[in-house]
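Data first, discussion second: the structure below is written as C-alpha coordinates.
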Number of protein chains: 2
Amino acid sequence: MTETHVPIPTLERLAIYLRVLLDAHEAGIQTLSSQEIEQHSGISAAQFRKDLSYFGEFGKPGVGYSVPGLIQCIERILRLDAEQPILLVGAGNIGSALVGYPNFQAHRLRIAAVFDNNFVKIGRPFGELVIQDIARIKEVNADIGARIGIIAVPAHAAQEVADLLVEAGVTGILNFAPTILRVPKHVHVRNVSFLQELAVLSYHATEDALCVNGQVTRGGKDGI
Amino acid sequence: MTETHVPIPTLERLAIYLRVLLDAHEAGIQTLSSQEIEQHSGISAAQFRKDLSYFGEFGKPGVGYSVPGLIQCIERILRLDAEQPILLVGAGNIGSALVGYPNFQAHRLRIAAVFDNNFVKIGRPFGELVIQDIARIKEVNADIGARIGIIAVPAHAAQEVADLLVEAGVTGILNFAPTILRVPKHVHVRNVSFLQELAVLSYHATEDALCVNGQVTRGGKDGI
DNA sequence: GCGAGATTGTGAACCGTTTCACAAATCGCG
DNA sequence: CGCGATTTGTGAAACGGTTCACAATCTCGC
(Lines give C-alpha, C1' and ligand atoms only; values in the text may rest on other atoms or scores of the structure.)
Protein backbone atom coordinates (compact mmCIF):
# COMPACT_ATOMS: atom_id res chain seq x y z
CA MET A 1 0.00 0.00 0.00
CA THR A 2 1.97 2.96 -1.28
CA GLU A 3 0.39 6.36 -0.65
CA THR A 4 -0.68 6.84 -4.22
CA HIS A 5 -3.52 8.24 -6.25
CA VAL A 6 -6.76 6.29 -5.87
CA PRO A 7 -8.63 5.43 -9.10
CA ILE A 8 -12.14 6.83 -9.33
CA PRO A 9 -13.60 3.40 -10.15
CA THR A 10 -12.20 2.20 -6.85
CA LEU A 11 -14.06 4.93 -4.98
CA GLU A 12 -17.27 4.08 -6.78
CA ARG A 13 -16.92 0.46 -5.79
CA LEU A 14 -16.17 1.40 -2.21
CA ALA A 15 -19.71 2.74 -1.97
CA ILE A 16 -21.00 -0.58 -3.28
CA TYR A 17 -18.99 -2.56 -0.76
CA LEU A 18 -20.31 -0.32 1.96
CA ARG A 19 -23.87 -1.05 0.97
CA VAL A 20 -23.22 -4.79 0.94
CA LEU A 21 -21.57 -4.57 4.33
CA LEU A 22 -24.41 -2.57 5.82
CA ASP A 23 -26.88 -5.16 4.54
CA ALA A 24 -24.79 -7.94 6.03
CA HIS A 25 -24.51 -6.07 9.30
CA GLU A 26 -28.28 -5.68 9.34
CA ALA A 27 -28.52 -9.45 8.89
CA GLY A 28 -26.23 -10.00 11.84
CA ILE A 29 -23.27 -11.30 9.85
CA GLN A 30 -19.99 -10.65 11.62
CA THR A 31 -17.41 -11.70 9.06
CA LEU A 32 -17.21 -11.75 5.28
CA SER A 33 -14.50 -13.02 2.94
CA SER A 34 -13.65 -11.29 -0.30
CA GLN A 35 -15.21 -14.29 -2.01
CA GLU A 36 -18.51 -13.66 -0.25
CA ILE A 37 -18.33 -9.96 -1.06
CA GLU A 38 -18.01 -10.97 -4.69
CA GLN A 39 -21.18 -13.01 -4.37
CA HIS A 40 -23.15 -10.10 -3.03
CA SER A 41 -21.66 -7.26 -5.01
CA GLY A 42 -20.92 -8.77 -8.38
CA ILE A 43 -17.39 -7.38 -8.11
CA SER A 44 -14.54 -9.86 -8.23
CA ALA A 45 -12.79 -10.83 -5.01
CA ALA A 46 -9.44 -9.80 -6.46
CA GLN A 47 -10.81 -6.41 -7.39
CA PHE A 48 -12.19 -5.96 -3.92
CA ARG A 49 -8.87 -6.75 -2.27
CA LYS A 50 -6.97 -4.54 -4.69
CA ASP A 51 -9.38 -1.68 -4.03
CA LEU A 52 -8.87 -1.92 -0.28
CA SER A 53 -5.12 -2.20 -0.70
CA TYR A 54 -5.02 1.46 -1.72
CA PHE A 55 -5.96 2.37 1.82
CA GLY A 56 -4.37 -0.22 4.06
CA GLU A 57 -4.83 -3.74 5.33
CA PHE A 58 -8.26 -4.48 6.67
CA GLY A 59 -8.63 -8.24 6.59
CA LYS A 60 -7.24 -11.27 8.30
CA PRO A 61 -5.72 -14.03 6.18
CA GLY A 62 -7.64 -17.24 6.63
CA VAL A 63 -10.65 -15.43 8.05
CA GLY A 64 -11.87 -12.48 6.04
CA TYR A 65 -13.08 -9.06 7.05
CA SER A 66 -14.89 -7.94 10.17
CA VAL A 67 -18.16 -6.50 8.93
CA PRO A 68 -18.55 -3.73 11.49
CA GLY A 69 -14.83 -2.99 11.35
CA LEU A 70 -14.75 -2.66 7.60
CA ILE A 71 -17.90 -0.56 7.59
CA GLN A 72 -16.19 1.87 9.89
CA CYS A 73 -13.05 1.96 7.78
CA ILE A 74 -14.85 2.54 4.50
CA GLU A 75 -17.01 5.20 6.08
CA ARG A 76 -13.90 6.94 7.27
CA ILE A 77 -12.28 6.70 3.86
CA LEU A 78 -15.34 8.15 2.15
CA ARG A 79 -15.79 10.80 4.83
CA LEU A 80 -19.15 9.32 5.71
CA ASP A 81 -18.23 8.82 9.36
CA ALA A 82 -19.53 12.27 10.24
CA GLU A 83 -22.61 13.90 8.80
CA GLN A 84 -21.94 15.36 5.37
CA PRO A 85 -24.16 18.37 4.67
CA ILE A 86 -25.21 19.04 1.09
CA LEU A 87 -26.63 22.05 -0.72
CA LEU A 88 -29.38 21.39 -3.24
CA VAL A 89 -30.10 23.95 -5.94
CA GLY A 90 -33.30 23.57 -7.90
CA ALA A 91 -36.66 22.88 -6.31
CA GLY A 92 -38.14 21.09 -9.29
CA ASN A 93 -38.93 17.47 -10.04
CA ILE A 94 -35.44 16.15 -9.55
CA GLY A 95 -34.82 18.17 -6.44
CA SER A 96 -38.07 16.84 -5.09
CA ALA A 97 -37.02 13.27 -5.72
CA LEU A 98 -33.71 13.91 -3.96
CA VAL A 99 -35.10 15.40 -0.76
CA GLY A 100 -37.50 12.48 -0.63
CA TYR A 101 -34.79 9.90 -1.25
CA PRO A 102 -34.79 7.61 1.77
CA ASN A 103 -31.33 6.07 1.45
CA PHE A 104 -29.25 9.14 2.18
CA GLN A 105 -29.71 8.89 5.89
CA ALA A 106 -27.95 5.57 6.28
CA HIS A 107 -24.86 7.11 4.69
CA ARG A 108 -24.94 10.27 6.79
CA LEU A 109 -25.62 12.37 3.74
CA ARG A 110 -28.05 15.14 4.52
CA ILE A 111 -29.51 17.78 2.26
CA ALA A 112 -29.08 20.73 4.56
CA ALA A 113 -30.60 23.48 2.43
CA VAL A 114 -32.56 23.96 -0.78
CA PHE A 115 -32.30 26.95 -3.10
CA ASP A 116 -34.14 28.25 -6.11
CA ASN A 117 -34.32 31.49 -8.02
CA ASN A 118 -38.07 31.39 -8.61
CA PHE A 119 -39.51 33.92 -6.19
CA VAL A 120 -42.80 32.09 -6.23
CA LYS A 121 -41.13 29.04 -4.73
CA ILE A 122 -38.89 30.86 -2.25
CA GLY A 123 -40.27 30.52 1.25
CA ARG A 124 -42.35 27.49 0.46
CA PRO A 125 -41.77 24.22 2.31
CA PHE A 126 -39.85 21.54 0.45
CA GLY A 127 -39.70 18.24 2.24
CA GLU A 128 -38.64 19.22 5.72
CA LEU A 129 -36.86 22.32 4.48
CA VAL A 130 -37.85 25.74 3.23
CA ILE A 131 -36.79 26.90 -0.20
CA GLN A 132 -34.32 29.74 0.06
CA ASP A 133 -33.22 32.42 -2.36
CA ILE A 134 -30.25 31.27 -4.42
CA ALA A 135 -28.83 34.76 -4.00
CA ARG A 136 -28.24 33.99 -0.34
CA ILE A 137 -26.42 30.73 -0.86
CA LYS A 138 -22.97 31.94 0.12
CA GLU A 139 -24.29 33.57 3.25
CA VAL A 140 -26.27 30.46 4.22
CA ASN A 141 -23.37 28.12 3.61
CA ALA A 142 -21.15 30.20 5.85
CA ASP A 143 -23.17 28.58 8.66
CA ILE A 144 -23.66 25.13 7.17
CA GLY A 145 -20.17 24.63 5.79
CA ALA A 146 -21.24 22.17 3.10
CA ARG A 147 -18.55 21.00 0.68
CA ILE A 148 -20.96 19.27 -1.70
CA GLY A 149 -23.61 20.81 -3.93
CA ILE A 150 -26.23 19.33 -6.21
CA ILE A 151 -27.35 21.11 -9.38
CA ALA A 152 -30.89 20.21 -10.33
CA VAL A 153 -31.80 23.16 -12.53
CA PRO A 154 -32.37 23.51 -16.28
CA ALA A 155 -29.25 23.35 -18.45
CA HIS A 156 -29.21 27.03 -19.28
CA ALA A 157 -28.88 27.99 -15.61
CA ALA A 158 -26.41 25.30 -14.58
CA GLN A 159 -23.15 27.14 -15.17
CA GLU A 160 -24.32 30.15 -13.21
CA VAL A 161 -25.34 27.92 -10.32
CA ALA A 162 -22.01 26.11 -10.45
CA ASP A 163 -20.20 29.43 -10.10
CA LEU A 164 -22.31 30.33 -7.10
CA LEU A 165 -21.70 26.95 -5.47
CA VAL A 166 -17.96 27.28 -5.92
CA GLU A 167 -18.06 30.74 -4.47
CA ALA A 168 -20.00 29.39 -1.52
CA GLY A 169 -17.13 27.02 -0.76
CA VAL A 170 -18.27 23.83 -2.39
CA THR A 171 -15.56 21.48 -3.70
CA GLY A 172 -17.75 18.75 -5.17
CA ILE A 173 -20.72 19.12 -7.49
CA LEU A 174 -23.27 16.55 -8.55
CA ASN A 175 -24.70 17.87 -11.79
CA PHE A 176 -28.02 16.70 -13.18
CA ALA A 177 -28.14 19.30 -15.93
CA PRO A 178 -27.03 18.16 -19.37
CA THR A 179 -24.16 20.63 -19.76
CA ILE A 180 -20.41 20.70 -19.36
CA LEU A 181 -19.58 22.77 -16.30
CA ARG A 182 -16.45 24.92 -16.17
CA VAL A 183 -15.05 24.90 -12.67
CA PRO A 184 -11.70 25.57 -10.98
CA LYS A 185 -9.28 22.64 -10.86
CA HIS A 186 -9.86 21.97 -7.20
CA VAL A 187 -13.59 21.34 -7.71
CA HIS A 188 -14.81 17.88 -8.64
CA VAL A 189 -17.84 17.44 -10.84
CA ARG A 190 -19.85 14.30 -11.42
CA ASN A 191 -22.52 14.33 -14.06
CA VAL A 192 -25.69 12.29 -13.95
CA SER A 193 -27.36 12.17 -17.33
CA PHE A 194 -30.50 10.12 -17.81
CA LEU A 195 -30.29 10.79 -21.53
CA GLN A 196 -26.80 9.38 -21.70
CA GLU A 197 -27.77 6.27 -19.79
CA LEU A 198 -30.82 5.66 -21.92
CA ALA A 199 -28.89 6.33 -25.11
CA VAL A 200 -26.45 3.55 -24.23
CA LEU A 201 -29.34 1.21 -23.54
CA SER A 202 -31.03 2.30 -26.73
CA TYR A 203 -27.94 1.34 -28.71
CA HIS A 204 -28.10 -2.17 -27.31
CA ALA A 205 -31.87 -2.38 -27.51
CA THR A 206 -31.97 -3.56 -31.08
CA GLU A 207 -29.37 -6.04 -32.19
CA ASP A 208 -29.85 -5.44 -35.92
CA ALA A 209 -26.66 -4.89 -37.83
CA LEU A 210 -25.88 -1.22 -37.97
CA CYS A 211 -26.67 0.22 -41.37
CA VAL A 212 -23.40 0.49 -43.24
CA ASN A 213 -22.31 4.07 -43.34
CA GLY A 214 -20.25 4.25 -46.47
CA GLN A 215 -23.04 4.87 -48.92
CA VAL A 216 -25.26 6.91 -46.72
CA THR A 217 -22.60 9.28 -45.54
CA ARG A 218 -20.50 9.70 -48.65
CA GLY A 219 -23.22 10.17 -51.23
CA GLY A 220 -23.99 13.77 -52.04
CA LYS A 221 -21.47 16.34 -53.14
CA ASP A 222 -21.78 18.19 -49.85
CA GLY A 223 -20.91 15.13 -47.79
CA ILE A 224 -22.99 13.87 -44.95
CA MET B 1 -13.07 1.00 -39.18
CA THR B 2 -13.13 -2.71 -38.51
CA GLU B 3 -16.47 -4.12 -37.40
CA THR B 4 -15.44 -4.50 -33.80
CA HIS B 5 -16.81 -4.17 -30.33
CA VAL B 6 -17.66 -0.59 -29.37
CA PRO B 7 -16.45 0.56 -25.93
CA ILE B 8 -19.20 1.70 -23.58
CA PRO B 9 -17.43 5.02 -22.89
CA THR B 10 -17.65 5.70 -26.61
CA LEU B 11 -21.42 5.22 -26.56
CA GLU B 12 -21.70 7.51 -23.57
CA ARG B 13 -19.76 10.19 -25.37
CA LEU B 14 -21.86 9.76 -28.49
CA ALA B 15 -24.81 11.05 -26.49
CA ILE B 16 -22.75 14.08 -25.48
CA TYR B 17 -21.74 14.81 -29.05
CA LEU B 18 -25.36 14.55 -30.07
CA ARG B 19 -26.35 17.14 -27.52
CA VAL B 20 -23.62 19.51 -28.68
CA LEU B 21 -24.66 19.00 -32.29
CA LEU B 22 -28.31 19.63 -31.54
CA ASP B 23 -27.38 22.85 -29.78
CA ALA B 24 -25.26 23.91 -32.74
CA HIS B 25 -28.05 23.02 -35.12
CA GLU B 26 -30.42 25.13 -33.08
CA ALA B 27 -27.94 27.98 -33.42
CA GLY B 28 -27.91 27.55 -37.17
CA ILE B 29 -24.36 26.23 -37.42
CA GLN B 30 -23.89 24.04 -40.46
CA THR B 31 -20.40 22.63 -39.98
CA LEU B 32 -18.21 21.76 -37.00
CA SER B 33 -14.64 20.52 -36.83
CA SER B 34 -13.49 18.01 -34.24
CA GLN B 35 -11.56 20.88 -32.70
CA GLU B 36 -14.76 22.87 -32.23
CA ILE B 37 -16.53 19.84 -30.84
CA GLU B 38 -13.76 19.63 -28.27
CA GLN B 39 -14.43 23.23 -27.31
CA HIS B 40 -18.11 22.59 -26.69
CA SER B 41 -17.98 19.10 -25.23
CA GLY B 42 -14.79 19.08 -23.21
CA ILE B 43 -13.83 15.85 -24.99
CA SER B 44 -10.60 15.87 -26.98
CA ALA B 45 -10.75 16.15 -30.75
CA ALA B 46 -8.75 12.95 -31.13
CA GLN B 47 -11.15 11.11 -28.86
CA PHE B 48 -14.07 12.37 -30.86
CA ARG B 49 -12.62 11.21 -34.15
CA LYS B 50 -11.64 7.85 -32.69
CA ASP B 51 -15.12 7.38 -31.30
CA LEU B 52 -16.72 8.01 -34.67
CA SER B 53 -14.21 5.75 -36.39
CA TYR B 54 -15.91 2.76 -34.79
CA PHE B 55 -18.92 3.41 -36.98
CA GLY B 56 -17.55 4.77 -40.24
CA GLU B 57 -16.32 7.97 -41.81
CA PHE B 58 -18.51 10.96 -41.26
CA GLY B 59 -16.29 13.98 -41.82
CA LYS B 60 -14.53 15.68 -44.66
CA PRO B 61 -10.81 16.35 -44.36
CA GLY B 62 -10.10 20.05 -44.46
CA VAL B 63 -13.70 20.90 -43.62
CA GLY B 64 -15.15 19.10 -40.65
CA TYR B 65 -18.52 17.51 -40.04
CA SER B 66 -21.92 18.49 -41.38
CA VAL B 67 -23.99 19.22 -38.29
CA PRO B 68 -27.36 17.95 -39.57
CA GLY B 69 -25.66 15.00 -41.27
CA LEU B 70 -23.80 13.92 -38.17
CA ILE B 71 -26.88 14.36 -36.01
CA GLN B 72 -28.70 11.95 -38.27
CA CYS B 73 -25.85 9.45 -38.19
CA ILE B 74 -25.45 9.46 -34.41
CA GLU B 75 -29.19 9.20 -33.97
CA ARG B 76 -29.18 6.17 -36.20
CA ILE B 77 -26.27 4.62 -34.33
CA LEU B 78 -27.97 5.13 -30.99
CA ARG B 79 -31.33 4.01 -32.35
CA LEU B 80 -32.78 7.41 -31.62
CA ASP B 81 -33.92 7.98 -35.19
CA ALA B 82 -37.30 6.43 -34.45
CA GLU B 83 -39.26 6.86 -31.27
CA GLN B 84 -37.96 4.63 -28.51
CA PRO B 85 -40.74 3.65 -26.10
CA ILE B 86 -39.82 3.05 -22.46
CA LEU B 87 -41.54 1.30 -19.58
CA LEU B 88 -41.32 2.98 -16.21
CA VAL B 89 -41.88 0.94 -13.07
CA GLY B 90 -42.39 2.81 -9.82
CA ALA B 91 -44.68 5.80 -9.48
CA GLY B 92 -42.79 7.43 -6.64
CA ASN B 93 -40.54 10.45 -6.39
CA ILE B 94 -38.01 9.34 -8.94
CA GLY B 95 -40.61 8.11 -11.37
CA SER B 96 -42.31 11.43 -11.04
CA ALA B 97 -39.13 13.30 -11.87
CA LEU B 98 -38.63 11.12 -14.92
CA VAL B 99 -42.06 11.57 -16.48
CA GLY B 100 -41.63 15.29 -15.94
CA TYR B 101 -38.16 15.38 -17.46
CA PRO B 102 -38.34 17.74 -20.41
CA ASN B 103 -35.25 16.63 -22.35
CA PHE B 104 -36.42 13.18 -23.37
CA GLN B 105 -38.52 14.45 -26.21
CA ALA B 106 -35.65 15.90 -28.23
CA HIS B 107 -34.06 12.45 -28.22
CA ARG B 108 -37.20 10.60 -29.20
CA LEU B 109 -37.26 8.82 -25.88
CA ARG B 110 -40.80 8.45 -24.60
CA ILE B 111 -42.05 6.93 -21.42
CA ALA B 112 -44.91 4.95 -22.86
CA ALA B 113 -46.36 3.41 -19.71
CA VAL B 114 -46.05 3.61 -15.94
CA PHE B 115 -46.53 0.70 -13.55
CA ASP B 116 -46.76 0.24 -9.82
CA ASN B 117 -47.87 -2.46 -7.46
CA ASN B 118 -49.60 -0.15 -5.00
CA PHE B 119 -53.31 -0.62 -5.63
CA VAL B 120 -53.98 2.83 -4.25
CA LYS B 121 -51.91 4.36 -7.04
CA ILE B 122 -53.15 2.15 -9.85
CA GLY B 123 -55.60 4.04 -12.05
CA ARG B 124 -54.39 7.43 -10.96
CA PRO B 125 -53.01 9.88 -13.48
CA PHE B 126 -49.25 10.28 -13.58
CA GLY B 127 -48.05 13.03 -15.83
CA GLU B 128 -49.93 12.37 -19.03
CA LEU B 129 -50.22 8.68 -18.30
CA VAL B 130 -52.28 6.49 -16.01
CA ILE B 131 -50.56 4.22 -13.52
CA GLN B 132 -51.13 0.59 -14.43
CA ASP B 133 -50.89 -2.62 -12.46
CA ILE B 134 -47.39 -4.10 -12.62
CA ALA B 135 -49.04 -7.50 -12.97
CA ARG B 136 -50.19 -6.52 -16.44
CA ILE B 137 -46.81 -5.33 -17.69
CA LYS B 138 -46.19 -8.20 -20.08
CA GLU B 139 -49.64 -7.90 -21.57
CA VAL B 140 -49.31 -4.12 -21.98
CA ASN B 141 -45.88 -4.35 -23.55
CA ALA B 142 -47.15 -6.80 -26.10
CA ASP B 143 -48.76 -3.72 -27.65
CA ILE B 144 -46.07 -1.17 -26.93
CA GLY B 145 -43.05 -3.29 -27.79
CA ALA B 146 -40.67 -1.38 -25.55
CA ARG B 147 -37.12 -2.72 -25.27
CA ILE B 148 -36.09 -0.43 -22.43
CA GLY B 149 -37.34 -0.38 -18.85
CA ILE B 150 -36.66 1.87 -15.89
CA ILE B 151 -36.69 0.58 -12.34
CA ALA B 152 -37.61 3.29 -9.85
CA VAL B 153 -38.79 1.17 -6.93
CA PRO B 154 -37.32 0.46 -3.50
CA ALA B 155 -34.31 -1.84 -3.45
CA HIS B 156 -36.17 -4.80 -1.98
CA ALA B 157 -38.56 -4.92 -4.94
CA ALA B 158 -36.03 -4.26 -7.68
CA GLN B 159 -35.05 -7.81 -8.55
CA GLU B 160 -38.65 -8.90 -8.87
CA VAL B 161 -39.37 -5.96 -11.17
CA ALA B 162 -36.29 -6.75 -13.23
CA ASP B 163 -37.56 -10.29 -13.77
CA LEU B 164 -40.92 -8.97 -14.90
CA LEU B 165 -39.32 -6.49 -17.27
CA VAL B 166 -37.20 -9.20 -18.84
CA GLU B 167 -40.22 -11.41 -19.22
CA ALA B 168 -42.03 -8.52 -20.88
CA GLY B 169 -39.33 -8.42 -23.56
CA VAL B 170 -37.07 -5.66 -22.29
CA THR B 171 -33.38 -5.91 -23.18
CA GLY B 172 -32.09 -2.82 -21.43
CA ILE B 173 -32.74 -1.71 -17.86
CA LEU B 174 -31.98 1.59 -16.20
CA ASN B 175 -31.87 0.81 -12.50
CA PHE B 176 -32.26 3.47 -9.84
CA ALA B 177 -32.49 1.01 -6.97
CA PRO B 178 -29.31 0.41 -4.99
CA THR B 179 -29.04 -3.31 -5.71
CA ILE B 180 -27.19 -5.65 -8.01
CA LEU B 181 -29.69 -7.06 -10.49
CA ARG B 182 -29.35 -10.60 -11.81
CA VAL B 183 -30.44 -10.72 -15.43
CA PRO B 184 -29.88 -12.96 -18.45
CA LYS B 185 -26.75 -12.29 -20.49
CA HIS B 186 -28.63 -10.62 -23.30
CA VAL B 187 -30.03 -7.92 -21.02
CA HIS B 188 -28.02 -4.78 -20.37
CA VAL B 189 -28.27 -3.01 -17.03
CA ARG B 190 -27.10 0.47 -16.18
CA ASN B 191 -27.20 1.58 -12.59
CA VAL B 192 -27.75 5.12 -11.42
CA SER B 193 -26.75 5.52 -7.82
CA PHE B 194 -26.96 8.91 -6.18
CA LEU B 195 -25.26 7.48 -3.14
CA GLN B 196 -22.32 6.27 -5.16
CA GLU B 197 -21.91 9.63 -6.87
CA LEU B 198 -22.12 11.52 -3.62
CA ALA B 199 -19.75 9.12 -1.92
CA VAL B 200 -17.08 9.84 -4.52
CA LEU B 201 -17.61 13.57 -4.04
CA SER B 202 -17.53 13.12 -0.30
CA TYR B 203 -14.14 11.46 -0.54
CA HIS B 204 -12.76 14.48 -2.35
CA ALA B 205 -14.64 16.97 -0.21
CA THR B 206 -12.03 17.11 2.49
CA GLU B 207 -8.41 17.12 1.47
CA ASP B 208 -7.10 16.19 4.90
CA ALA B 209 -4.62 13.38 4.90
CA LEU B 210 -6.39 10.09 5.31
CA CYS B 211 -6.03 8.77 8.82
CA VAL B 212 -3.30 6.17 8.68
CA ASN B 213 -4.85 2.76 8.92
CA GLY B 214 -2.09 0.68 10.40
CA GLN B 215 -2.79 1.36 14.04
CA VAL B 216 -6.53 1.72 13.82
CA THR B 217 -7.09 -1.41 11.85
CA ARG B 218 -4.61 -3.78 13.36
CA GLY B 219 -5.13 -3.01 16.99
CA GLY B 220 -7.47 -5.42 18.75
CA LYS B 221 -7.08 -9.15 18.91
CA ASP B 222 -10.15 -9.63 16.74
CA GLY B 223 -8.74 -7.51 13.93
CA ILE B 224 -10.45 -4.47 12.55
C1' DG C 1 -5.09 23.66 -62.41
C1' DC C 2 -2.30 23.85 -58.57
C1' DG C 3 -0.20 24.89 -54.20
C1' DA C 4 -1.13 26.29 -49.38
C1' DG C 5 -3.68 25.35 -45.47
C1' DA C 6 -6.88 22.80 -42.86
C1' DT C 7 -8.82 18.63 -41.05
C1' DT C 8 -9.91 13.82 -41.05
C1' DG C 9 -9.11 8.75 -40.02
C1' DT C 10 -6.19 5.46 -37.92
C1' DG C 11 -2.16 2.46 -36.69
C1' DA C 12 1.07 2.64 -32.91
C1' DA C 13 2.62 4.10 -28.42
C1' DC C 14 1.13 5.00 -24.02
C1' DC C 15 -1.15 4.66 -19.68
C1' DG C 16 -4.16 3.19 -16.10
C1' DT C 17 -7.09 -0.48 -14.46
C1' DT C 18 -8.14 -5.25 -13.95
C1' DT C 19 -6.85 -9.87 -13.49
C1' DC C 20 -3.72 -13.32 -12.12
C1' DA C 21 -0.95 -16.00 -9.17
C1' DC C 22 1.51 -16.83 -5.22
C1' DA C 23 4.02 -15.89 -0.79
C1' DA C 24 2.69 -14.68 3.83
C1' DA C 25 -0.53 -14.88 7.51
C1' DT C 26 -4.10 -16.92 10.37
C1' DC C 27 -7.20 -20.40 12.22
C1' DG C 28 -8.91 -24.94 13.82
C1' DC C 29 -8.18 -29.37 15.12
C1' DG C 30 -5.94 -33.39 16.45
C1' DC D 1 2.25 -27.54 19.14
C1' DG D 2 2.18 -28.44 14.21
C1' DC D 3 -0.20 -29.33 9.94
C1' DG D 4 -3.72 -28.59 6.49
C1' DA D 5 -7.13 -25.56 4.91
C1' DT D 6 -8.28 -20.96 4.08
C1' DT D 7 -7.81 -16.24 2.83
C1' DT D 8 -5.36 -11.98 2.47
C1' DG D 9 -2.23 -8.49 0.15
C1' DT D 10 0.39 -7.42 -3.78
C1' DG D 11 3.87 -7.50 -7.44
C1' DA D 12 3.61 -8.72 -12.34
C1' DA D 13 1.12 -9.72 -16.55
C1' DA D 14 -2.75 -8.84 -19.40
C1' DC D 15 -6.12 -5.94 -21.13
C1' DG D 16 -8.62 -2.04 -22.91
C1' DG D 17 -9.10 2.68 -23.71
C1' DT D 18 -6.86 7.14 -24.71
C1' DT D 19 -3.54 9.92 -26.83
C1' DC D 20 -0.33 10.77 -30.41
C1' DA D 21 1.30 11.69 -34.84
C1' DC D 22 1.10 11.53 -39.55
C1' DA D 23 -0.41 10.14 -44.28
C1' DA D 24 -4.45 10.90 -46.98
C1' DT D 25 -8.01 13.98 -48.34
C1' DC D 26 -10.34 18.03 -49.33
C1' DT D 27 -11.16 23.25 -50.09
C1' DC D 28 -10.04 27.74 -51.47
C1' DG D 29 -8.00 31.32 -53.94
C1' DC D 30 -5.13 32.71 -57.46
Side-chain angles (χ1 to χ4, degrees), chain A residues 1-14 16-17 21 29-39 41-67 69-70 73-74 200 212-214 217-224, chain B residues 1-14 16-17 29-39 41-67 69-70 73-74 200 213-214 217-224:
Chain A
M1 175 235 176
T2 53
E3 192 58 56
T4 176
H5 154 260
V6 180
I8 301 279
T10 290
L11 295 173
E12 296 177 351
R13 285 190 294 269
L14 242 37
I16 297 178
Y17 304 143
L21 289 163
I29 296 168
Q30 284 296 316
T31 296
L32 239 36
S33 68
S34 58
Q35 197 57 240
E36 292 168 307
I37 301 263
E38 168 170 344
Q39 234 95 73
S41 69
I43 296 161
S44 80
Q47 182 75 77
F48 170 76
R49 296 200 301 275
K50 181 61 112 179
D51 284 339
L52 287 187
S53 77
Y54 287 104
F55 304 99
E57 313 198 343
F58 304 97
K60 269 197 217 168
V63 181
Y65 300 81
S66 151
V67 171
L70 190 51
C73 290
I74 294 183
V200 175
V212 185
N213 320 90
T217 61
R218 286 304 185 128
K221 85 180 213 305
D222 50 11
I224 58 171
Chain B
M1 174 236 180
T2 53
E3 192 59 58
T4 177
H5 154 261
V6 180
I8 301 277
T10 290
L11 294 173
E12 296 177 351
R13 285 189 295 267
L14 242 37
I16 297 178
Y17 305 142
I29 296 168
Q30 283 297 315
T31 297
L32 239 36
S33 69
S34 59
Q35 196 58 241
E36 292 168 307
I37 301 264
E38 170 169 343
Q39 234 97 71
S41 70
I43 297 161
S44 80
Q47 182 74 76
F48 171 75
R49 296 201 301 276
K50 180 63 111 180
D51 284 339
L52 286 187
S53 77
Y54 287 105
F55 304 99
E57 312 198 342
F58 303 97
K60 268 197 218 169
V63 181
Y65 300 81
S66 151
V67 170
L70 190 51
C73 289
I74 294 182
V200 175
N213 322 90
T217 62
R218 286 304 186 130
K221 84 181 216 302
D222 50 12
I224 57 170

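Because the structure is predicted, anything quoted here is derived from the model rather than measured. Chain letters run A, B, ... following the sequence lines, proteins first, then strands; residues in each count from 1.
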>> My understanding is that only residues two or more places apart in sequence, or in another chain, count here; which of them pass salt bridge (charged side-chain N to carboxylate O under 4.0 Å, His left out) with B/Glu36?
In response: none
Detail all sub-3.5 Å separations between protein N/O atoms and N/O atoms belonging to nucleotides 17-20 of chain D.
| unit_1 | atom_1 | unit_2 | atom_2 | d |
| --- | --- | --- | --- | --- |
| D/dT18 | OP1 | B/Arg13 | NH1 | 2.9 |
| D/dT18 | OP2 | B/Arg13 | NH2 | 2.9 |
| D/dT18 | O5' | B/Gln47 | OE1 | 3.3 |
| D/dT19 | OP2 | B/Gln47 | OE1 | 3.3 |

> So which heavy atom on B/Ser34 is nearest to which on B/Phe48, and how close?
Replying inline: CB-CD2, 3.6 Å
> Would you say A/Lys60 reaches C/dC27's phosphate, i.e. side-chain N/O to OP1/OP2 under 4.0 Å?
Replying inline: yes
> Of the nucleotides C/dT8, C/dG9, C/dC27, which one has an atom closest to the side chain of B/Glu57?
Replying inline: C/dG9
> So, is A/Ser53 near the phosphate of D/dG9, with a side-chain N or O under 4.0 Å from OP1 or OP2?
Replying inline: no
> To the nearest Å, how far apart are A/Glu38 CD and C/dT19 C1'?
Replying inline: 12 Å
> Which atom pair, heavy atoms only, marks the closest approach of B/Thr31 to B/Ile29?
Replying inline: O-CG2, 3.3 Å
>> Looking only at the side chain of A/Ser33 (C-beta and beyond, no hydrogens), which of the listed nucleotides D/dT8, D/dC26, C/dT8 gets closest?
In response: D/dT8
>> Stem list for DNA chain C, please, built from Watson-Crick and G-U wobble pairs under 3.5 Å and keeping only runs of at least 3.
In response: C:1-30 with D:1-30
>> Can you confirm whether or not the ring centre of B/Tyr17 sits under 6.0 Å from the ring centre of B/Phe58?
In response: no
>> Is any side-chain heavy atom of B/Leu14 closer than 4.5 Å to one of B/Leu52?
In response: yes
> Any idea which of C/dC27, D/dT27, C/dA25 is nearest the A/Val63 side chain?
Replying inline: C/dC27
>> Please enumerate all residues that pass side-chain contact (heavy atoms from CB on, under 4.5 Å) together with B/Gln35, with sequence neighbours excluded.
In response: B/Ser33, B/Glu38, B/Ala45
> Taking atom P of D/dG9 as reference, at what distance in whole Å does atom CZ of A/Phe55 sit?
Replying inline: 14 Å
>> Can you measure A/Phe48 atom CZ to C/dT17 atom P for me and round it to whole angstrom units?
In response: 19 Å
>> Once salt bridge (charged side-chain N to carboxylate O under 4.0 Å, His left out) is applied, do any residues pair with B/Arg49, and if so which ones, sequence neighbours excluded?
In response: none
> Does OP1 or OP2 of C/dA6 have a side-chain N or O of B/Tyr65 closer than 4.0 Å?
Replying inline: no
> Can you tell me how far P of C/dA6 sits from CD of B/Gln35, to the nearest Å?
Replying inline: 12 Å
> Can you find a pair of side-chain heavy atoms, one from B/Thr10 and one from B/Phe55, that are under 4.5 Å apart?
Replying inline: yes
>> Checking A/Gln39 now: which residues fulfil side-chain contact (heavy atoms from CB on, under 4.5 Å) with it, not counting sequence neighbours?
In response: none
